[in-house]
Engineer: 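Pasting in a structure now, in structure tokens, and then I'll have a few things to ask.
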Amino acid sequence: MQQEPSKYEPLKIEKKWQTRWEEARAFEPSDDKSLPKKYILSMFPYPSGRIHMGHVRNYTISDAIARHYRQMGYNVLHPMGWDSFGMPAENAAIKHGLHPKKWTYENIDYMRQELASLGLSFSRKREFATSDPLYTKFEQEFIIRMFEEGLLYEKKQRVNWCETCHTVLANEQVIDGRCWRCDNEIALREMPGYYIRITAYAQELLDDLKKLEDGWPKQVVTMQENWIGRSEGLSFRLMLAQQSQAKLGNSFQGFEVFTTRPDTIYGVSYTALAPEHPIVNYLIEHGCLDEAKIAQIKAMQNMPERERATAEKEGVDLEISVINPLTSEEIPVWVANFVLSGYGGGAVMAVPAHDQRDWEFATKYGLPIREVVHAPGSDLEKGAWSGDGVLVASGHYTGMSNREAKDAIIDHFEVLAIGRREINYKLRDWGISRQRYWGAPIPFIHCPACGLVPEAIENLPITLPDDVEITGEGNPLESHPTWKKTACPRCGGDATRETDTMDTFVQSSWYFLRYCTPNDPERPFKREDVDYWMSVDQYVGGIEHAILHLLYARFFTKALRDLGYINVDEPFSNLLTQGMVLKEGAKMSKSKGNTVDPDAIIASYGADTARLFILFAAPPQKELEWNDSAVEGAFKFIRRLVDRSDNVTEKSLPGIDHAALSKEEKTARRKVYEALRKSAEIYENRSFAFNTVIAAAMEALNALNAQKNTLVWSEGYFVLLNILEPVIPHICWELSEKLFELGNFTAITIPQEVFEAESIRLAVTVNGKKRDEIEVSPDLGKEEILSMAKTKCAKWLEDKTLVKEIYVPGKLVNLVVK
RNA sequence: GCGGACGUGGUGAAAUUGGUAUACACGCCAGACUUAGGAUCUGGUGCCGCAAGGCGUGGAGGUUCAAGUCCUCUCGUCCGCACCA
């Protein structure tokens, strides 16, 4: 790579500065809470063993932001830690016989050193791993407090079970019917588990998205909105007809349905139950249906939900009926594979004319399709009309707009007390039980006398036993000879510990709060520290956490607020979702064999080159295509920067008589300050388009190189090293120390004179097409400019009529001809 | 199907938010220095055309003196949700 001797020796320089920063604890924030603060945070990593380019990109972005704000005089908190509980540690144990704790903490040590080699400006005092017992201690305390407040409960429910991970997953962690981590198909299992009542915060989580509209990518806000999935409608009971009640042995009088379209109740032509509905089970168990039907229903029940979603609509007539509360008409009840058991009572009223699913089902089974909302565009031969319209054949609501009718009909149900306005959410409670070893134990005790009892706070943390055998079969805490044996904290009798551990998303839901107080053994964090540092001013991480982590962390923040721990509503004011790092158009992955090893890049080019390439090649939000020769280009730029620093003669920012400068010298100054202006802009508007700042700095260096004035060179380096320090810190500290005694990492005022040119170029366009340019003094009058333009473009005006002349000061002249 | 984002040179990408399209860089071409160059420096490089000139921001319309930018339709790519009644 470098065959010529060069003054630029990245490895030597970088090691030197990393050591000095470390020894000086250069990036610890001040305790002075009167200073203006910035909390800049990247999502903390899982310590998988080695960093990858995605990490490099993530941490380089937030590091640059942190360094910039330090220069601007802010008290900056830029911490780092480890999301260190989780599956891979157990997989390593199974595969290589390593203890998860040893494997995890060794990985942390290695990765810490890898991150240090990137020159990241972390506060080291606040570092922790979520598997540290101290962290577990406070987390268990939160869980117990949530239990006391009814925010956490235990129940038995059908859950998502991953056969590969041998554990339960929350809904958010199932992606296309597969495990988010191992990609295995999930199955359903009836199991007891602990649930956090995130649904109690559904409305606030939805409402507060408004506060995030300016600071978060629109896409993420929309995804969260859809995930929470609020819908407003009517919930009412459909009563079974007399003979049907008798058929069901009088065990059921009716069932509850939820609809967002009460305006279409006059059009209900059948109702449908989920295959899991208790009425369906009763009919099967009591032999009320013939063999063929029972077999069909059983087939539906056995089909996993995921397959049902793509299967053709299918159903069976249950030979019972309910009464339409508005028309008193008898309506048949079917069981249908498209009705979800987990939503709105597991039963729906079907209006084939105005719901596409109901339409398809009705068409297949020859059920009536009755129009009750009429609109010009509607064609019920082709499909359902779910848009707005005017009610027809709807009793005394006929003629009303369907929107008015919706409210009127809800009111009617409420007045008669046969139904009520209801808001439903798609969001489900968050199941946090995992049947794994390497996680935070759920701090509960099962006592034969007292039932479910939380551990006493003074006994926390409940830590994991070290002497376990990890085989991948079953939960090692369950099979441990003594660990789960304990005394009930309430009655003192023999009792058993809960052996489930927590979902690792619990740990990542509050780590940003723990950073506010450096590793306090007494409490999770000091309130005044949280008051000062929160919320996070800039959060940087991958889009893959758009729902999971970001929703849980938002919830946890609100819950801890209501438990009296903090006074924060939203944890992350601004969010930047960085794009993936690609090679050959695909995400880097070991299986594809298209990875680039950060350590190798740093070893051959240095961290500054890696950082420069990553920030220059694309804006941070976009995908980044790895390109070896562009990396080489980044290296060459730094080398040019070093080599040309010989032109600097002054030790500080020199005063320059701008008017006396040559054209090239003025251009150089202008380019330098344009770069500075651009730099300020990208932080202020939070676009973080480092690529444009770097381009501007390159232009400035090119312009400096086109002139010879050493004062202009000196000023140029003073400013350029300031701009580039967040991007390529090592070489900037090296040069700035040598040239300016590090006096240039501070806010620099832009002298406005550099933007005042004595002549400006105006484009001359004819009918909007650029034809020529004129160079004029900036104070020249409109008339003179127009006449110059006309002379210059005489050729284009021949044989034409000039109909309009437009002059945009500082920009252009447009001559309109016919 | 619904929702969101995005389509600009050979490539990664800019464009002061309606005002000179392609800055900066990679690549490529030429030249200089060199035994040599995969080092360095200098210059060139949207497409068609010998030129004058014409054409150009996925495509088609529209608004405007002026459109990559605004509006309508359309095609394509990516992402999310996916029977939520």
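Sequence lines set the chain letters: A, B, ... in the order given, protein chains first and strands last, and positions in each chain run from 1. Values reported hereafter were calculated over all heavy atoms of this structure, with side chains retained and with hydrogens, waters and symmetry mates removed.
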Engineer: On RNA chain B, compare the nucleotides closest to Lys770(A) and Asn691(A); which residue's is nearer the 5' end?
Structural biologist: Asn691(A)
Engineer: With ring pair (Phe, Tyr, Trp, His ring centres under 6.0 Å) as the test, pick out the partner of Phe613(A) among Phe635(A), Trp626(A), Phe637(A).
Structural biologist: Trp626(A)
Engineer: With respect to the side chain of Ala630(A), which nucleotide from rA23(B), rC26(B), rC81(B) is positioned closest?
Structural biologist: rC26(B)
Engineer: Measuring from atom CG of Leu206(A) to atom CD1 of Ile228(A), what distance do you get when rounded to the nearest 0.5 angstrom?
Structural biologist: 5.0 Å
Engineer: Considering only rA85(B), rU20(B), rA25(B), which nucleotide approaches the side chain of Glu773(A) most closely?
Structural biologist: rU20(B)
Engineer: Just confirming the chi classification of rU77(B), syn or anti, using 90° around 0 as the syn window.
Structural biologist: anti
Engineer: Calculate, to the nearest 0.5 Å, the distance between atoms OG1 and NE2 belonging to Thr264(A) and His354(A) respectively.
Structural biologist: 7.0 Å
Engineer: Nearest whole angstrom, please: distance from the P of rG80(B) to the CG of Leu551(A).
Structural biologist: 17 Å
Engineer: Over all strands shown, is Val339(A) touching base, sugar-phosphate only, or nothing at heavy-atom distances under 4.0 angstrom?
Structural biologist: base
Engineer: Please verify the inter-ring angle class for His549(A) with His545(A); under 30° counts as parallel, over 60° as perpendicular, anything in between as tilted.
Structural biologist: perpendicular
Engineer: Do side-chain atoms of Thr363(A) reach the backbone of Trp359(A) as a donor and acceptor pair under 3.5 angstrom?
Structural biologist: yes
Engineer: Measure the distance from CG on Leu812(A) to C1' on rU20(B) and round it to the nearest whole Å.
Structural biologist: 7 Å
Engineer: For Glu625(A), give me all partners under side-chain contact (heavy atoms from CB on, under 4.5 Å), at least two apart in sequence or on another chain.
Structural biologist: Leu582(A)
Engineer: Less than 4.0 Å between a side-chain N and a carboxylate O, is that true for Arg421(A) and Asp407(A)?
Structural biologist: yes
Engineer: Looking at residues at least two apart in the chain, or sitting in another chain, which of them share a side chain to side chain donor-acceptor pair (under 3.5 Å) with Asp388(A)?
Structural biologist: Asn402(A), Arg403(A)
Engineer: Name the orientation class of the two ring planes belonging to Tyr343(A) and Phe258(A) (parallel below 30°, tilted from 30 to 60°, perpendicular beyond 60°).
Structural biologist: perpendicular
Engineer: Taking only N and O in the side chain of Lys811(A), is any of them less than 4.0 Å away from OP1 or OP2 of rU20(B)?
Structural biologist: no
Engineer: P atom, rU8(B) versus rG59(B): distance in rounded Å?
Structural biologist: 10 Å
Engineer: Going through the distances and angles, do Glu805(A) and Lys790(A) end up as a salt bridge (Lys or Arg N to Asp or Glu O under 4.0 Å)?
Structural biologist: CA-CA 10 Å; Glu805(A) 299 167 21; Lys790(A) 278 180 267 186; 3.1 Å; yes
Engineer: Taking rG80(B) as the reference, what is the distance to rG10(B) when you measure between their P atoms (whole Å, please)?
Structural biologist: 31 Å
Engineer: Separation of Lys636(A) atom NZ from rG37(B) atom C1', in whole Å?
Structural biologist: 12 Å
Engineer: Could you tell me whether rG12(B) is syn or anti, where syn means a glycosidic angle within 90 degrees of zero?
Structural biologist: anti
Engineer: Just jot down the salt bridge (charged side-chain N to carboxylate O under 4.0 Å, His left out) partners of Glu232(A), sequence neighbours excluded, or say none.
Structural biologist: Arg230(A)
Engineer: Toss me the dot-bracket line for RNA chain B: Watson-Crick and G-U wobble, both under 3.5 Å, 5' to 3', using | for pairs to another strand and [ ] for crossers.
Structural biologist: (((((((..(((......[....)))((((((.......))))))(((....)))..(((((..]....))))))))))))....
Engineer: Just how far, in rounded Å, is P of rA85(B) from CD of Glu360(A)?
Structural biologist: 16 Å
Engineer: By side chain to side chain donor-acceptor pair (under 3.5 Å), which residues pair with Tyr683(A), not counting sequence neighbours?
Structural biologist: none
Engineer: In whole Å, what separates the C1' atom of rA67(B) from that of rC26(B)?
Structural biologist: 30 Å
Engineer: Quick one: do Lys678(A) and Glu681(A) make a salt bridge, cutoff under 4.0 Å?
Structural biologist: yes
Engineer: Please tell me which of the listed nucleotides, rG19(B), rU40(B), rA23(B), lies nearest to the side chain of Arg639(A)?
Structural biologist: rU40(B)
Engineer: Please list, chain by chain and in numerical order, all residues satisfying salt bridge (charged side-chain N to carboxylate O under 4.0 Å, His left out) with Lys364(A), sequence neighbours excluded.
Structural biologist: Glu312(A)
Engineer: Contact class for Pro619(A) (heavy atom, under 4.0 Å): base, sugar-phosphate, or nothing?
Structural biologist: sugar-phosphate
Engineer: Quantified in whole Å, what is the C1' atom distance between nucleotide rG44(B) and nucleotide rG54(B)?
Structural biologist: 22 Å
Engineer: Taking the P atom in each of rU40(B) and rC50(B), what is the distance between them to the nearest angstrom?
Structural biologist: 36 Å
Engineer: Taking only Lys NZ, Arg NE, NH1 and NH2, and the carboxylate oxygens of Asp or Glu, determine whether Lys382(A) and Asp379(A) approach each other closer than 4.0 Å.
Structural biologist: yes
Engineer: I'd like the P distance from rU72(B) over to rU22(B), given in whole Å.
Structural biologist: 29 Å
Engineer: Listing time: all N or O pairs from protein to nucleotides 1-12 of chain B that are below 3.5 Å?
Structural biologist:
from, atom 1, to, atom 2, distance (Å)
rG12(B), O2', Ala617(A), O, 2.5

Engineer: Please determine whether a side-chain nitrogen or oxygen atom of Lys426(A) lies at a distance below 4.0 Å from atom OP1 or OP2 of rC81(B).
Structural biologist: no
Engineer: Take atom CD of Glu544(A) and atom P of rG80(B), then tell me their distance rounded to the nearest Å.
Structural biologist: 11 Å
Engineer: Checking Glu314(A) now: which residues fulfil salt bridge (charged side-chain N to carboxylate O under 4.0 Å, His left out) with it, not counting sequence neighbours?
Structural biologist: none
Engineer: Does rU16(B) have OP1 or OP2 under 4.0 Å away from a side-chain N or O of Arg677(A)?
Structural biologist: no
Engineer: Distances for protein N/O vs nucleotides 41-45 of chain B N/O pairs under 3.5 angstrom?
Structural biologist:
none

Engineer: Starting from P on rG80(B), measure out to CG on Leu209(A) and report it in whole angstrom.
Structural biologist: 19 Å
Engineer: rA21(B) and rC6(B): how far apart are their P atoms, nearest whole angstrom?
Structural biologist: 24 Å
Engineer: Write out a two-atom table: protein N or O, nucleotide N or O from nucleotides 65-71 of chain B, distance below 3.5 Å.
Structural biologist:
from, atom 1, to, atom 2, distance (Å)
rC65(B), O2', Asn814(A), ND2, 3.0
rC65(B), O2, Asn814(A), ND2, 2.9

Engineer: Who passes salt bridge (charged side-chain N to carboxylate O under 4.0 Å, His left out) against Lys782(A), sequence neighbours left out?
Structural biologist: none
Engineer: Using the rule given for side chain to side chain donor-acceptor pair (under 3.5 Å), can you reason through Ser235(A) versus Glu256(A), listing the C-alpha separation, both sets of side-chain angles and the distance that settles it, and then say yes or no?
Structural biologist: CA-CA 7 Å; Ser235(A) 182; Glu256(A) 206 67 28; 3.2 Å; yes
Engineer: Nearest whole angstrom, please: distance from the P of rA39(B) to the CD of Glu632(A).
Structural biologist: 7 Å
Engineer: What does the list of N/O pairs under 3.5 Å between the protein and nucleotides 52-56 of chain B look like, with a distance for each?
Structural biologist:
from, atom 1, to, atom 2, distance (Å)
rG53(B), OP1, Lys795(A), NZ, 2.1
rG54(B), OP2, Arg771(A), NH1, 3.1

Engineer: Students often get this wrong, so: under 4.0 angstrom with heavy atoms, is Asn424(A) touching a base, only sugar-phosphate, or nothing?
Structural biologist: nothing
Engineer: Looking at Asp355(A), is its backbone amide N or carbonyl O close enough to the side chain of Asp358(A) to form a donor-acceptor pair, meaning the two atoms are under 3.5 Å apart?
Structural biologist: no
Engineer: Mind checking the C1' distance from rU35(B) to rG27(B)? Whole angstroms is fine.
Structural biologist: 28 Å
